[in-house]
Amino acid sequence: MLQIHNNLSKRKEPFRPIDPANVRMYVCGMTVYDMCHIGHARVLVVFDVVYRYLCEVFGSDHVTYVRNITDIDDKIIQRARENDEGIDSLTGRYIDEMNRDAEALGVLHPNQEPRATGHMQQIIDMIGTLVEKGYAYAADNGDVYYDVSHFEHYGRLSGKHIEDLRAGERIAVDEAKQDPLDFVLWKAAKPEEPAWDSPWGRGRPGWHIECSAMSTHCLGHHFDIHGGGLDLQFPHHENEIAQSEAATGETFVNVWMHNGFVRVDEEKMSKSLGNFFTIRDVLQQYAPEVVRYFILSSHYRSPLNYSDQHLDNAKAALTTLYTALRGFEDVAPAISADMTCVERFRAAMDDDFNTPEAQVVLFELAHEINKQTDPAAARQTAATLKYLGALLGLLQQSPEAFLQGEGAGEGPDSEAIEALIRQRTDARANKDWAESDRIRDLLREQGVILEDGPGGTTWRRV
RNA sequence: GGCUGGGUGGCAGAGUGGCUAUGCACCGGAUUGCAAAUCCGUGUACCUCGGUUCGACUCCGGGCCCAGCCUCCA
């Protein structure tokens, strides 16, 4: 049975959907004012795998995955101003870029991708409810704030106590707030700022309220899983709980999942530190599937250290798997052999999505293929390998495409390589080993490795 | 200061109260014209100090170190 580490209880729990016929998951997506970096790639890939596995377990018609897009906030306004362009043009551009990255990484489309600007009515309605119920108040400056002291369970998710937070030195006091811990639900617009009409005047939503409004609108007041990066645990998700449960009077989410950070030199990768690599940059150097493999090679809650060495390692590992799949392009993914491996794979995934352990099973299957003497049995094992690979979003391209793919766009094209191979084959037929080795070394220098097999010479790029 | 999580072999990274992780790298052998790939095989480990136990890397306690949250961030 699937067990998931629930950040609300800080332990692994058996996953029991509210309605097995409709498992519902909401993940906090991107704020679209810049290119996505590897930290964003991790959220996309990690929850893509969660989604794929939920579909495997409950059936793809019985899972609803919602990932939102934040397309209005202070940073977007600021960036649009800097660029001297409208926010729609800015966010539209970066949504396209995000989709390009996600597609490259083999991330499936969520069932819904709600945007904040498309749900103003739901946002305003929820704020209205909070004001009515006494959980929120309109300040003199036109802002509306959430009154944290009114919500009994505030701090439960992040393990914080209101008193400790109050004692903290780093909380800036805003004059309009009754309490420094209160957070904004509705921000009054300054002239020139994008704004929507509301009972409290023209303005825009605070960051947290959009997720409460969109998630409950798309998935109902009470749903199964809410995910996002660990940095959203506090205050974003804490505030979402406070807003949603105060507004609906119901439990908001059963299971909270947070993926760990991507690090560079033992330090968190983040926009504010400026130590981030964009997905696009990394894809200049490495195939998207290598990046995906790398992300899944550590458990989603662990930190993930980013470095060329790790990416190189991922590439080598993936090369081993694809090498085993050579000659099985036409084999369709299917569970057709070796149920022990399938069961071990599932056991790994059932254990809080242990993808590194699941990858181990992939190697065992590759190993088995290599050892098979019976071609039919080898095909069955290959089919199983592809099937399990698909659950991780891996191993779905043709082995030759992966092995011969041009990573950095350097090196000779395939026609030139094939021509040299023909030349070398002639030389070898004449036992002209010097010429044969010269050609092989020449290609080696250009990043092409030749392999003489019983069926002729094959090649791949380093 | 308050609160989290973590310290495993050359690197990465799972896991377990007693029995091979795995990948990459390395070494020996098979194979090969020589290689590459593959196969067979060897080696290297569990931060530190105590405790519990027949037995702990695995459980408990102290210490040291690292990362993160407490402010925008996936």
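On a predicted model such as this, the values are computed, not experimentally measured, just so you know. Every chain is numbered from 1 and lettered A, B, ... according to where its sequence line falls, protein lines coming before strand lines.
- Considering only side-chain N and O atoms, A/His367 lies under 4.0 angstrom from the phosphate OP1 or OP2 of B/rC40.
- Atom pair A/Glu113:CD and B/rA74:C1' shows a separation of 15 Å (rounding to whole Å applied).
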Exercise for the section: For the pair A/Glu82 and A/Arg79, evaluate salt bridge (Lys or Arg N to Asp or Glu O under 4.0 Å) and give the outcome as yes or no after the intermediate values. Expected result: CA-CA 5 Å; A/Glu82 286 166 15; A/Arg79 182 63 59 87; 3.5 Å; yes

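- For the pair A/Arg67 CZ and B/rA74 P, the interatomic distance rounds to 13 Å; values are reported in whole Å.
- The separation between A/His40 atom NE2 and B/rA74 atom C1' is 5 Å, rounded to whole Å.
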Handout entry: Intra- and interstrand pairs of RNA chain B - dot-bracket, Watson-Crick/G-U under 3.5 Å, | marks other strand
Key = (((((((..(((.....[...)))..((((.......)))).....(((((..]....))))))))))))....

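- Remark: A/Lys75 is not positioned above the aromatic ring of A/Tyr33, lacking an NZ or CZ atom under 6.0 angstrom from the ring centre and at most 45 degrees off the axis.
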Practice task
Begin from the C-alpha positions of A/His208 and A/Phe183 and carry the test ring pair (Phe, Tyr, Trp, His ring centres under 6.0 Å) through to its verdict.
Solution key: CA-CA 9 Å; A/His208 316 296; A/Phe183 57 90; 5.4 Å; yes

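- Residue-to-nucleotide contacts include a donor-acceptor pair under 3.5 Å from the side chain of A/Lys268 to the base of B/rC73.
- The side chain of A/Phe234 sits closest to B/rC69 out of B/rC73, B/rC69, B/rA21.
- For the pair A/Leu273 CG and B/rA67 P, the computed distance is 12 Å after rounding to whole Å.
- Of the N and O atoms on the side chains of A/Tyr300 and A/Asp352, at least one donor lies less than 3.5 Å from an acceptor on the other residue.
- Counting non-hydrogen atoms under 4.0 angstrom, A/Ser297 reaches the backbone sugars and phosphates but no base.
- Note: A/Phe151 and A/Tyr146 have perpendicular aromatic rings, judged against thresholds of 30 and 60 degrees for the angle between ring planes.
- Remark: the separation of the P atoms in B/rC46 and B/rG7 is 14 Å, to the nearest Å.
- Between A/Trp256 and A/His258, the ring-plane angle classifies as parallel under the 30° and 60° cut-offs.
- Checking A/Asp71 against A/Thr117 by side-chain atom types alone, a donor-acceptor pair falls below 3.5 Å.
- When each of B/rC66, B/rG15, B/rA74 is scored by its nearest atom to the side-chain atoms of A/Asp351, the top-ranked nucleotide is B/rG15.
- No contact: A/Val27 has no heavy atom under 4.0 Å from any strand.
- Counting any heavy atom pair closer than 4.0 Å across all strands shown, A/Ser270 reaches a base atom.
- A/Glu267 comes within contact range of the sugar-phosphate backbone alone, with a heavy-atom separation under 4.0 Å but no base atom that close.
- Annotation: B/rC49 and B/rC64 have their P atoms spaced 15 Å apart (nearest Å).
- As rounded to whole Å, 21 Å separates atom P of B/rA12 from atom NZ of A/Lys315.
- The gap from the C1' atom of B/rG51 to that of B/rA12 amounts to 33 Å, rounded to the nearest Å.
- Geometrically, A/Lys160 does not engage A/Tyr154 in a cation-pi contact defined by less than 6.0 Å to the ring centre and at most 45° from the axis.
- Counting any heavy atom pair closer than 4.0 Å across all strands shown, A/Lys75 reaches a base atom.
- We find that A/Glu435 and A/Arg424 are not joined by a salt bridge, their nearest charged nitrogen and carboxylate oxygen being 4.0 Å or further apart.
- Residue side chain A/Lys271 does not reach the base of B/rC73 through any donor-acceptor N/O pair under 3.5 Å, judged by distance alone.
- The side chain of A/Thr320 approaches B/rU38 more closely than any other nucleotide in the set B/rA74, B/rU38, B/rC72.
- Note on ring orientation: taking the six-membered ring where Trp is involved, the planes of A/His310 and A/Phe294 are parallel (angle under 30°, cut-offs 30° and 60°).
- Nearest nucleotide to the side chain of A/Val262, out of B/rA74, B/rC24, B/rA67: B/rA74.
- One P atom belongs to B/rG61, the other to B/rC19, and the distance between them is 25 Å to the nearest Å.
- Nearest-nucleotide mapping onto RNA chain B: of A/Gly228 and A/His299, the residue sitting toward the 5' end is A/His299.
- As rounded to whole Å, 17 Å separates atom P of B/rA37 from atom CZ of A/Arg461.
- Nearest-nucleotide assignment on RNA chain B puts the 5′-proximal partner with A/Ser298, out of A/Lys371 and A/Ser298.
- Taking only side-chain nitrogens and oxygens, A/Thr319 never comes nearer than 4.0 Å to OP1 or OP2 of B/rG23.
- Here A/Gln309 lies in heavy-atom contact (under 4.0 Å) with sugar-phosphate atoms only.
- Note on A/Asn370: every side-chain N or O is 4.0 Å or more away from OP1 and OP2 of B/rA37.
- If you check every strand for non-hydrogen atoms under 4.0 Å, A/Phe261 touches a base.
- Put simply, CZ on A/Phe363 is 17 Å from C1' on B/rC39, counting in whole angstrom units.
- Looking at A/Arg346 and A/Glu56, a side-chain N of the basic residue comes within less than 4.0 Å of a carboxylate O on the acidic one, giving a salt bridge.
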Please produce a list of atom pairs where a protein N or O lies less than 3.5 Å from an N or O of nucleotides 32-36 of chain B.
residue : atom : partner  : partner atom : Å
B/rG33  : O6   : A/Arg428 : NE           : 3.4
B/rG33  : O6   : A/Ser436 : OG           : 3.1
B/rG33  : N1   : A/Asp437 : OD1          : 3.0
B/rG33  : N2   : A/Asp437 : OD1          : 3.4
B/rG33  : N2   : A/Asp437 : OD2          : 2.7
B/rC34  : O2   : A/Arg440 : NH1          : 3.4
B/rC34  : O2   : A/Arg440 : NH2          : 2.3
B/rC34  : N3   : A/Arg440 : NH1          : 2.8
B/rC34  : N3   : A/Arg440 : NH2          : 3.3
B/rC34  : N4   : A/Asp452 : OD2          : 3.2
B/rA35  : N6   : A/Asp452 : O            : 2.9
B/rA35  : N1   : A/Asp452 : N            : 2.8
B/rA35  : N3   : A/Arg440 : NH1          : 3.0
B/rA36  : O2'  : A/Glu451 : OE2          : 3.0
B/rA36  : O2'  : A/Arg460 : NH2          : 3.4

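- For the C1' atoms, the distance linking B/rU52 with B/rC69 amounts to 34 Å, nearest Å.
- Rounded to a whole angstrom, the distance from the C1' atom of B/rC47 to that of B/rC65 is 8 Å.
- With respect to the salt-bridge test (charged N to carboxylate O, under 4.0 angstrom), the residues A/Arg422 and A/Asp426 do not qualify.
- OP1 and OP2 of B/rA37 both lie 4.0 Å or more from every side-chain N or O belonging to A/Trp459.
- Remark: C1' of B/rG5 and CZ of A/Arg11 are 16 Å apart, rounded to the nearest angstrom.
- Comparing the same atom, C1', in B/rC59 and in B/rG15 gives a spacing of 16 Å after rounding to whole Å.
- With both ends at atom P, the span from B/rC54 to B/rG63 equals 28 Å, rounded to whole Å.
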